[in-house]
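Throughout, protein chains are lettered first and strands after them, A, B, ... in sequence-line order, and every chain is numbered starting at 1.
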Amino acid sequence: MDWTTDLVCTARIMPGITLTSDQQFSLDQTLGCGQVFRWDHTADGWWYGVIGERVVRIRQVGRRLTFKGAPAPFISHYFSLDVNLRAIVSAIDRDPFIHAAISQCTGLRLIRQPKWECLVSYICSTNSNIPMIRHRISALARQFGKPVEFEGNTYYAFPEPSSISCGEHLLPVCRLGYRTPYVSDTAGKITEMNRWEDTITALPFEDARSELMKLKGIGPKAADCILLFAFQKYEAFPVDVWIRRIMQQNYLPDLNAGSHLTTREYDIVRHFARQHFGEYCGYAQEYLYAARGSSGDASLRPE
DNA sequence: ATCCAGGAAAACG
DNA sequence: CGTTTTCATGGA
């Protein structure tokens, strides 16, 4: 394809956003860091994703975002472009180790994920790796979600709780393993509840966390991810096996290095992080996670 | 084969 | 109450 032709067509047909000089943002860091599971990128720099019932195609060249499938305000809100990232990064930049992670992932933002989808995603995340989680979410959408045509391909919106609840006998097709009854049970409960998102949103952090953990399949880690990625409660600090390793190596050497993370150890880690990084410690967590394995101790790296 | 992956529920002392 | 065991899946 002719490069200049592509550029001209893009400028004429597709809407865009030009980031201001102090508006740090990296699309690749943001979509590639593992916070969200429904985006794919092509070799020529385009990302394709499903947000609600929209299919979006987007790419970034310098300060220019070009996209199709959603209006600019929607894109801006989804990617949290209204958030003052510079101020947040400055607030969490408390030591050399986090500083290195931040430098390596410049422009990484926490996005505003659809809440129900995020809830199910992190039920499906337990004791799994990212490719497996992506596969499960994709299977759920394909099985229960509304098909959406986009550029000649069929995508699937993430299904409403009632859609999953009504067809729960089909859940085993999605190969969720022992998480199947968790999703089924939670879909039923959320269907019964009246505006559960508003309830969680209105609660202070610890109360919101306890409330989420009443649902089947939501423990401390999943609750923290949901509060961080879908409810923008930035004081959440999810502790998975990677974060635990990183924290043990760089901040909490006395932490038990055994394979099993108890509730008490989890609380030690998250309370330390809240105190050390401050009210935006969730952002610190995501920078540490995104930089996992590529900074610090080489023995932590896979391969 | 054995271990691991963005853990959580249930059973056990 | 805190601690240990079990759970289903696919890739390395």
Side-chain angles (χ1 to χ4, degrees), chain A residues 29-39 101 105 108 110-111 113 117-140 142-143 168 170-189 209-231 233-234 236-249 255-270 273 281-294 296 299-303:
Chain A
Q29 291 288 350
T30 299
L31 290 179
C33 72
Q35 63 179 312
V36 68
F37 305 107
R38 300 203 72 200
W39 287 88
C105 307
L108 168 57
L110 294 178
I111 67 181
Q113 292 191 30
E117 178 178 336
C118 185
L119 175 63
V120 177
S121 297
Y122 283 92
I123 289 177
C124 292
S125 77
T126 65
N127 210 16
S128 303
N129 52 30
I130 288 175
M132 196 53 48
I133 302 165
R134 293 172 58 87
H135 190 259
R136 292 189 186 123
I137 302 306
S138 167
L140 281 168
R142 183 171 296 262
Q143 186 62 229
E168 63 181 11
L170 293 170
L171 265 177
V173 177
C174 301
R175 318 275 312 165
L176 308 183
Y178 61 84
R179 305 156 194 84
T180 298
Y182 301 161
V183 170
S184 166
D185 192 86
T186 299
K189 266 188 192 146
R209 192 172 188 265
S210 306
E211 198 61 30
L212 282 178
M213 287 171 61
K214 289 178 183 170
L215 298 169
K216 287 282 185 185
I218 306 289
K221 156 66 172 55
D224 285 334
C225 285
I226 295 158
L227 292 171
L228 187 57
F229 301 142
F231 289 90
K233 292 190 185 286
Y234 299 130
F237 192 86
V239 183
D240 58 37
V241 293
W242 294 98
I243 290 295
R244 187 256 188 101
R245 219 171 289 164
I246 290 166
M247 295 301 286
Q248 201 263 330
Q249 288 275 335
L255 197 67
N256 179 6
S259 62
H260 192 78
L261 183 67
T262 65
T263 306
R264 180 161 48 241
E265 288 171 324
Y266 192 108
D267 285 342
I268 289 171
V269 175
R270 74 184 180 101
C281 59
Y283 255 94
Q285 191 272 3
E286 205 53 21
Y287 278 96
L288 292 173
Y289 184 80
R292 70 191 181 282
S294 42
S299 70
L300 296 177
R301 275 196 285 275
E303 293 174 60

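The CD1-P distance, from A:Ile133 to B:dA8, rounds to 11 Å in whole Å. Atom pair A:Ile246:CD1 and B:dA5:P shows a separation of 12 Å (rounding to whole Å applied). The CZ-C1' distance, from A:Arg270 to B:dG7, rounds to 15 Å in whole Å. C:dT3 atom C1' lies 19 Å from atom OH of A:Tyr266, rounded to whole Å. The CZ atom of A:Arg244 sits 14 Å away from the C1' atom of B:dC4 (whole-angstrom rounding). Remark: C1' of B:dA5 and CD1 of A:Ile123 are 18 Å apart, rounded to the nearest angstrom. Here the C1' atom of nucleotide B:dG7 and the CG atom of A:Leu212 are 15 Å apart, to the nearest Å. A:Asn129 has its CG atom 12 Å from the P atom of C:dG10, to the nearest Å.
Distance check, rounded to the nearest 0.5 Å: CG of A:Asn127 to OH of A:Tyr178 gives 4.5 Å.
Here B:dA5 is the nucleotide among B:dA5, B:dA8, C:dT9 with the atom lying nearest to any side-chain atom of A:Asn127. For A:His260, counting side-chain heavy atoms from C-beta on, the closest listed nucleotide (C:dT4, B:dG7, C:dG10) is C:dT4. The nucleotide whose nearest atom lies closest to any side-chain atom of A:Tyr178 is, among B:dA5, B:dA8, C:dA8, C:dA8. When the nucleotides B:dA8, C:dT3, C:dT9 are ranked by their closest atom to the side chain of A:Thr262, C:dT3 comes out on top.
Of the side-chain N and O atoms in A:Arg179, none sit less than 4.0 angstrom from OP1 or OP2 of B:dA8. At C:dC7, none of the side-chain N or O atoms of A:Lys216 fall inside 4.0 Å of OP1 or OP2 (strictly under the cut-off). Contact check, A:Arg264 against C:dT3: a side-chain N or O comes under 4.0 Å of OP1 or OP2. A sub-4.0 Å separation between OP1 or OP2 of B:dA5 and a side-chain N or O of A:Arg245 is present.
Comparing A:Tyr182 and A:Val239 by the nucleotide of DNA chain B that holds the closest heavy atom to each, the one mapping nearer the 5' end is A:Val239. Nearest-nucleotide mapping onto DNA chain B: of A:Met213 and A:Cys225, the residue sitting toward the 5' end is A:Cys225.
Annotation for A:Leu140 and A:Cys124: closest pair CD1-SG, 4.2 Å, computed over non-hydrogen atoms. The shortest non-hydrogen separation linking A:Leu110 to A:Gln35 is CA-OE1, 3.5 Å. When all heavy atoms of A:Arg244 and A:His260 are compared, the closest pair comes out as NH2-O, 3.6 Å. Of all the heavy atoms in A:Cys118 and A:Cys225, the pair that sits closest is SG-O, 4.5 Å. Across every non-hydrogen atom of A:Leu108 and A:Tyr283, the tightest pair is O-CE2, 3.8 Å. Closest non-hydrogen pair, A:Ala101 versus A:Tyr287, comes out as CB-O, 3.8 Å.
Using a 4.0 Å heavy-atom distance criterion, A:Glu265 is classed as making no nucleic acid contact. Across all strands, A:Pro220 comes closer than 4.0 Å only to sugar-phosphate atoms, never to a base (heavy-atom distances). The residue A:Leu228 sits apart from the nucleic acid: no heavy atom pair falls under 4.0 Å. Looking at heavy-atom distances under 4.0 Å, A:Ile218 makes contact with sugar-phosphate atoms alone, never a base. Counting non-hydrogen atoms under 4.0 angstrom, A:Gly217 reaches the backbone sugars and phosphates but no base. Using a 4.0 Å heavy-atom distance criterion, A:His135 is classed as making no nucleic acid contact.
Nucleotides C:dG10 and B:dA9, compared at atom C1', are 22 Å apart to the nearest Å. Here, C:dG11 and B:dA8 have their P atoms 23 Å apart, quoted to the whole Å. For the C1' atoms, the distance linking C:dT3 with B:dA5 amounts to 23 Å, nearest Å.
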Contact list (N/O, under 3.5 angstrom) for nucleotides 11-13 of chain B vs protein:
none

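Looking at A:Met247 and A:Val239, their side chains never come closer than 4.5 Å, going by heavy atoms from C-beta outward.
Proximity of a side-chain donor or acceptor of A:Arg179 to a complementary backbone N or O of A:Thr126 within less than 3.5 Å is detected.
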